[in-house]
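Data first, discussion second: the structure below is written as structure tokens.
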Amino acid sequence: MDLNFTAEQDAFRSDVRAWLRTALPAELRETVEQGEHVTREQTEGWQKILHAKGWGAPSWPLEWGGPGWDPIEQHIFDEECALAGAPRQLPFGLRMVGPVLMRFGTEAQKLRFLPRIISAADWWCQGYSEPGAGSDLAGVTTRAYLKVDHYVVNGQKTWTTLAQHANWMFALVRTDPEARKQDGISFLLIDMQARGVTVRPIALLEGGAEVNDVFLDDVEVPVDQRVGAENQGWTIAKYLLEHERTNIANVGISKRELARAWRLARELRRHGRPLIDDTLFAARLAEVEVELTALEMMQLRVLTQAAKGTSPGPLSSMLKIKGSEILQQISELTMEMQGIDALRCDLDTEPPGRWVMPPPAAAYLNLRKLSIYGGSNEIQRNILVKHVLGL
């Protein structure tokens, strides 16, 4: 399979590329290309620009405000955005709970939540992992019991990305503690401003605080904020995770970062010569580029099947594994190229005493998470062994 696209797809790519040249704010592009932190205001601002164009939800159908693109067009759009230096759109609403609501939600839930996701009026976070249930998602212990017309929820979620900004969380909770682990789980939409919700940031090694603990103490959740039937949460979770793992392939972002790595290799010097002249180092970059091309071919194969209505199945696990490994390899090579300069840290004054790492080191450390979230790579390999090899 080659990477050739049709004339119509090439024309679509040209249109997207031309629009991005004028629509993407220069300051935002520079922030992304320098590997610096994208603020909440920048993220919301970019989403609003996309929404005004009608491109706010690339994977959504026309019915709910999306552009109605097929999977290949979505891939082209995501890739061009990444190459142009646009920040990644937040996946929690657009690519996770949004598709779940379209598939399993009531009409009232769709009308209430979907327009606010695409317009950036709501910021969602994912309440899956717990202190004792990360990769073993069926082990969730956060308890919800029905009391007349609402659930009362108690428990703790952890590693909750950007919960400090979120006003809604979709969460897996245990509604039948006597049932088999996978059979006693429900999918709830929880208002983060509800009484009993507490968010506490978790300080990360690279100095950021993008993940949080979320404590739920007697939080009341109306029954009409349950998605699907009671105890149907495991089915919904599997549907959501298939979409999440496909997106974690990050082909466009990896292309952008690899191109940056090649530029650095030409600019930086070692022993008086450009680093690119080091044949062993250049070979390592070339090896990653070959693997990235193979990953894109596999993703396009999956997207072609998706356009025909076929589920990616275990192939989503393959995309997740290889996509996370490639982006980690690129970040490692980028940091290695810059040597000691990649490790210089400064003390910030806000808050006082916090380490501020340069972008290469911060990215390297932060991207260690890729092989863990969305189902650890070890778990993904177990899925492949079971469903592909039949062992």
Looking at [X] and [Y], what are the two nearest heavy atoms and their distance?
X	Y	answer
Trp60	Gly98	CZ2-CA, 4.0 Å
Gly105	Lys110	O-CE, 3.4 Å
Pro58	Asp78	CG-OD1, 4.4 Å
Lys320	Ser371	NZ-C, 3.5 Å
Ala84	Leu20	CB-CD1, 4.0 Å
Ser331	Leu367	CB-CD1, 3.7 Å

Contact check, side chains of [X] and [Y], non-hydrogen atoms, under 4.5 Å:
X	Y	value
Ser59	Leu94	no
Gln47	Leu90	no
Leu28	Pro87	yes
Leu268	Gln338	yes
Ile383	Lys386	no
His37	Thr31	no
Ser324	Ile372	no
Asn212	Leu162	no

Check [Y] with [X], please: is the shortest side-chain N to carboxylate O separation under 4.0 Å?
X	Y	value
Arg256	Glu79	no
Arg284	Glu336	yes
Lys322	Glu291	yes
Lys48	Glu44	no
Lys369	Glu210	yes
Arg368	Glu325	no
Arg174	Asp183	no

Could you work out the complete set of other residues in the hydrophobic cluster of [X], with links drawn between I, L, V, M, F, W and Y side chains under 4.5 Å apart?
X	value
Phe215	none
Trp159	Ile202, Leu204, Val211
Met169	Leu146, Tyr151, Val153, Val173, Leu188, Ile190, Met192, Val197, Val199, Val214, Leu216, Val219, Val221, Val223
Leu83	none

Would you find more than 12 non-hydrogen atoms of other residues, nucleotides or ligands less than 6.0 Å from [X] atom [atom1]?
X	atom1	result
Gln193	CD	yes
Arg40	CZ	yes
Glu36	CD	yes

Mind jotting down which residue pairs meet the ring-ring contact (aromatic ring centres under 6.0 Å, His included) criterion with at least one end in [range]? Sequence neighbours excluded, please.
range	result
residues 183-208	Phe170-Phe187
residues 250-304	none
residues 61-85	Phe12-Trp69, Trp55-Trp69, Trp55-Phe77, Trp69-Phe77
residues 90-122	Phe104-Tyr239, Phe113-Trp124, Phe113-Trp168

Atom [atom1] of [X] and atom [atom2] of [Y]: how far apart are they, to the nearest 0.5 Å?
X	Y	atom1	atom2	answer
Leu50	Ile118	CG	CD1	9.5 Å
Leu292	Ser254	CG	OG	5.5 Å
Thr175	Ile185	OG1	CD1	8.0 Å
Ile326	Ile321	CD1	CD1	12.0 Å
Ile117	Arg95	CD1	CZ	13.0 Å
Asp224	Leu189	CG	CG	9.0 Å

Closer than 3.5 angstrom, by distance alone: can the side chain of Glu296 be matched with the main-chain N or O of Thr293 as a donor-acceptor pair? no
Say whether, by atom type as modelled, one donor and one acceptor occur between the side chain of Asp70 and the main chain of Glu73 under 3.5 angstrom. yes
Do [X] and [Y] get their side chains close enough for a donor-acceptor pair, meaning under 3.5 Å?
X	Y	answer
Gln232	Ser186	no
Asp217	Asn154	no
Glu130	Thr141	yes

Please test Gln109 against Gln225 for side-chain contact (heavy atoms from CB on, under 4.5 Å), starting from the C-alpha separation and ending with a verdict. CA-CA 8 Å; Gln109 288 171 340; Gln225 289 172 204; 5.6 Å; no
Do Val140 and Tyr145 sit in one hydrophobic cluster, given that two such residues count as connected whenever their side-chain heavy atoms are within less than 4.5 Å of each other, even indirectly? no
Mind checking whether Leu101 and Trp123 sit in one hydrophobic cluster, side chains of I, L, V, M, F, W, Y counted as touching below 4.5 Å? no
Test side-chain contact (heavy atoms from CB on, under 4.5 Å) applied to Val32 and Trp46, step by step: CA-CA 12 Å; Val32 173; Trp46 178 235; over 6 Å; no
Worked check of salt bridge (Lys or Arg N to Asp or Glu O under 4.0 Å) between Asp213 and Lys157: CA-CA 6 Å; Asp213 283 317; Lys157 298 295 180 178; over 6 Å; no
Partners meeting ring pair (Phe, Tyr, Trp, His ring centres under 6.0 Å) with Tyr364 (sequence neighbours left out): none
Which residues share a side-chain contact (heavy atoms from CB on, under 4.5 Å) with Ser14, sequence neighbours left out: none
Go through the steps for Gln299 and Leu295 under the test side-chain contact (heavy atoms from CB on, under 4.5 Å), then give the verdict. CA-CA 6 Å; Gln299 185 174 47; Leu295 175 67; 5.5 Å; no
Would Leu258 and Leu285 satisfy side-chain contact (heavy atoms from CB on, under 4.5 Å), going step by step from the backbone distance to the final call? CA-CA 8 Å; Leu258 184 58; Leu285 282 172; 4.1 Å; yes
For Arg21, all residues meeting salt bridge (charged side-chain N to carboxylate O under 4.0 Å, His left out), sequence neighbours excluded: none
Please list, chain by chain and in numerical order, all residues satisfying side-chain hydrogen bond (donor to acceptor under 3.5 Å, both in side chains) with Thr160, sequence neighbours excluded. none
